[in-house]
Amino acid sequence: MSLPTQVLPDHHRHCDDLFVAAEESVQRSDWAAAAPAFARFRDQMQAHFEAEEAVLFPAFEAATGMSAGPTEMMRYEHEQMRSLLAQLAAACAARDGDTYGGVAETLLMLMQQHNMKEENILYPMCDQALGAEAERLGATIGAMLEPGKT
Amino acid sequence: MQPTLSFEQAPPISVPYRFFLTAPLFGAAAGLVLALLGPETLQSRWSPGALAMTHLIVVDFMLQAMCGSLLQFVAVVAGANIWRPRLVAAVVHPLITAGAIFLASAFLFEQPVLFLLAALVFVAALGTFLTVMAVALLRTPARGMSIHVLRLAVFGLLVTVVLGASLAITLGLPEDLSPDWPVLALVNVHVAWGLGGWALMLVIGVSYLVVPMFQLTPAYPVLLTRALPAGLFLVLCLWTLQLVPGPGGAPAWQSGVALAGVLLAGSYAVTTLWLQSRRRRRQADVTLKLWRGAMLSLAAFALSWIAFEAWPSLGESPRASVWLGVLALPGLFFSVITGMLYKIMPFLNWLHLQQQGGTGMPLPNMKQMIPEASMRGQMRLHFAALGLLLAAVVWPALTLPAGLAFTASCLWLERNLVGAARVYARFRDSVRAAAASRAAAHSDHA
């Protein structure tokens with residue numbers, strides 16, 4: 001069974017791990033390791049946004065008729081995170097550890113409170129709204145994302 | 001009816017900030033009361049100075065900061081903004097502030113009428129606050145243990161206020177009019193609900209979310225997340241039985257119930273420290289250190305309690321409960337709240353500046369809101385003050401430096417928080433100015 005509500009929270013944890021790996025390389029000023037670690041983190045964040053915006057949210061909106069509600073807010077927060085990811089990419093390219101640290105701290109807070117809203121509110125609402133379709137969507141989403149350690 | 005899910009990120013920034021910026025000033029006042037009144041204050045929890053100081057800390061520092069945070073936090077955990085946040089803050093904030101001043105003055109100057117005034121003001125302030133919170137927390141479709149624990153905490157505050165108001169009425173009315181209530185039992189139950197049922201319950205509910213979130217620790221074990229609040233709530237209900245005639249008043253029963261509560265609190269502290277030691281994000285920032293200081297204080301509180309039970313000659317000293325009070329208030333709650341403010345304010349600054357449309361210009365990141373060195377310095381002074389306060393319970397000669405150190409650490413906290421609010425105001429003004437000049441250029445062009 002792979003419901004979106006199981007696949008996506010697991011992938012949140014996976015992105016957390018990738019975030020830590022990149023941040024630790026930057027803190028050690030190990031830029032050779034930081035660049036690929038950050039690229040992997042950013043790729044997975046973008047894949048996650050894509051899975052939600054292209055697959056899960058449209059299905060939820062079609063099933064509930066709510067297009068201006070929670071999904072709109074989640075899309076807005078994705079935009080905020082994309083902008084912070086761009087700032088991190090610039091800091092990484094410039095090898096500016098201080099800026100990277102400050103922006104990473106900001107991104108982490110935004111990311112965590114965003115995940116909390118999705119996991120505690122939006123995903124359970126999706127489960128309810130999507131019914132039998134959920135499993136098929138879960139498989140589609142699972143194929144878009146890199147599996148974590150577990 | 002399906003509740004509306006606004007998913008607004010936050011109430012206006014002025015709503016929580018007015019609470020945050022007021023709180024440390026009253027912590028500073030509590031330290032001054034101690035410094036001025038001297039060693040007698042710490043000799044017993046019943047001294048007027050100790051009672052005034054305690055209420056300055058629990059109401060005007062803790063309650064102030066906790067109400068402000070909760071107004072903000074509910075928007076995130078419940079996914080819905082609270083009803084008319086501006087109006088609620090405009091009513092609740094000045095009333096809590098006034099009520100705490102009345103209450104502390106009532107204890108210090110032994111003025112009965114001030115107790116009545118305080119009771120009236122608190123019932124109005126917290127009645128409003130609790131109603132709004134209850135509506136937000138009961139109507140949310142959100143899942144997760146945190147929501148349940150926050151509901152319990154809000155209920156705990158309700159019980160605390162009802163008992164506190166009853167006590168204030170008992171103390172405020174002339175003896176022939178005063179109701180014949182068991183004051184000592186009322187105090188015991190009021191303190192337990194205030195510290196255990198409201199403040200600790202709130203910290204527990206919030207920690208389920210923020211401890212894993214800030215440092216990427218593993219989640220709290222599921223069994224513990226359920227057993228802890230349920231156990232604590234049960235202990236509080238059993239403790240409350242001392243208000244009615246029956247076995248609830250028997251000393252052996254009471255010490256057994258209290259011990260169960262203390263063991264629950266201690267196991268929460270140890271679990272949190274263990275989770276933090278297993279965090280995936282290795283860097284130890286000021287917030288993490290303050291959380292650890294808080295959890296160590298809670299563990300020390302539990303150990304001290306057990307020691308006082310085991311060696312009654314220690315436990316019977318009137319200073320034993322002052323020792324426990326120092327570990328609970330400046331030790332546990334003050335540290336946790338300070339650590340949380342150091343995360344919340346920088347993040348809210350960023351979030352609100354971002355929403356002002358500051359996309360066209362570089363905004364400061366979270367680490368540029370309060371200088372790291374200044375937070376670290378304040379934290380060290382706070383822990384030094386905590387050490388001095390504990391020492392002053394044993395060696396009264398240290399009371400003056402302990403009070404002054406505590407005042408200084410609160411003033412430093414205030415300076416750090418005001419600094420953060422100023423950074424926000426400065427960037428908000430420049431974001432607005434930039435937007436206005438863009439609009440002017442646009443209309444010229446047109």
Side-chain angles (χ1 to χ4, degrees), chain A residues 5 9 12-13 15-24 26-28 64 66 68-77 79-81 83-84 86-88 90-91 98-125 127-129, chain B residues 2-10 72-73 75-81 140-147 208-219 279-283 285 287 342-351 353-355 358-360 362-369 372:
Chain A
T5 48
H12 283 157
R13 303 290 93 74
C15 288
D16 290 349
D17 287 334
L18 299 179
F19 169 92
V20 170
E23 190 185 46
E24 283 186 346
V26 170
Q27 277 167 351
R28 288 196 310 270
T64 59
M66 284 166 78
T71 48
E72 186 188 24
M73 194 67 216
M74 294 297 102
R75 284 193 166 98
Y76 173 65
E77 291 186 351
E79 276 318 304
Q80 289 180 317
M81 286 187 268
S83 141
L84 289 172
Q87 289 177 40
L88 283 181
D98 282 346
T99 303
Y100 189 98
V103 177
E105 177 80 21
T106 316
L107 175 62
L108 182 67
M109 280 289 277
L110 187 63
M111 231 166 103
Q112 297 298 323
Q113 60 96 41
H114 174 82
N115 294 351
M116 198 154 91
K117 287 191 237 179
E118 287 189 339
E119 292 174 24
N120 290 339
I121 309 167
L122 183 63
Y123 295 164
M125 288 172 80
D127 263 355
Q128 260 187 344
Chain B
Q2 173 81 4
T4 48
L5 245 194
S6 68
F7 258 86
E8 293 210 9
Q9 279 177 308
Q72 175 68 45
F73 198 61
V76 178
V77 286
N81 219 333
T140 174
R143 287 193 209 162
M145 255 331 266
S146 255
I147 283 285
Y208 288 174
L209 299 173
V210 302
V211 166
M213 170 171 159
F214 290 159
Q215 293 298 325
L216 302 178
T217 72
R279 67 190 192 277
R280 282 175 289 166
R281 199 176 184 218
R282 294 316 301 173
Q283 58 171 295
D285 60 10
T287 296
Y342 282 161
K343 280 281 185 204
I344 298 171
M345 286 190 68
F347 182 63
L348 289 183
N349 268 7
W350 180 84
L351 195 65
L353 286 174
Q354 228 273 341
Q355 286 173 345
T359 40
L363 291 176
N365 63 52
M366 268 180 74
K367 287 195 175 166
Q368 290 162 328
M369 302 296 181
E372 178 84 19

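Note on naming: letters A, B, ... go to the chains in the order of the sequence lines (proteins, then strands), and numbering restarts at 1 for each one.
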Highest number of heavy-atom pairs under 4.5 Å with chain B among A:Thr99, A:Leu84, A:Asn115 belongs to A:Leu84

Under 4.5 Å to a heavy atom of chain B? For A:Phe19 that would be side chain

| query | So do A:Gln87 and A:Leu107 actually touch side chain to side chain, heavy atoms under 4.5 Å? | reply | no

Honestly, the part of A:Glu23 sitting under 4.5 Å from a heavy atom of chain B is side chain

When the 4.5 angstrom heavy-atom criterion is applied to A:Glu24 and chain B, the contacting part is side chain

Bottom line for A:Gln27: the part with an atom under 4.5 Å from chain B's heavy atoms is side chain

| request: Say whether, by atom type as modelled, one donor and one acceptor occur between the side chain of B:Gln368 and the main chain of B:Asn365 under 3.5 angstrom. | output: yes

Between the NE2 atom in A:His12 and the CE atom in A:Met116, the distance rounded to the nearest 0.5 Å is 12.5 Å

* Asked: Around atom CG of A:Asp127, are there more than 12 heavy atoms of other residues, nucleotides or ligands at under 6.0 Å?
  -> yes

Any chance you could lay out the salt bridge (charged side-chain N to carboxylate O under 4.0 Å, His left out) test for B:Lys343 and B:Asp285, step after step, and finish with the verdict?
CA-CA 10 Å; B:Lys343 280 281 185 204; B:Asp285 60 10; 2.8 Å; yes

Heaviest contributor of heavy-atom pairs below 4.5 Å to chain A, chosen from B:Arg282, B:Lys367, B:Met369, is B:Lys367

Okay, A:Val103 and chain B: the region with an atom under 4.5 Å from a heavy atom over there is both

Inset, instruction - For the residue pair A:Met125 and A:Met66, establish whether any side-chain heavy-atom pair is separated by less than 4.5 Å. - result: yes

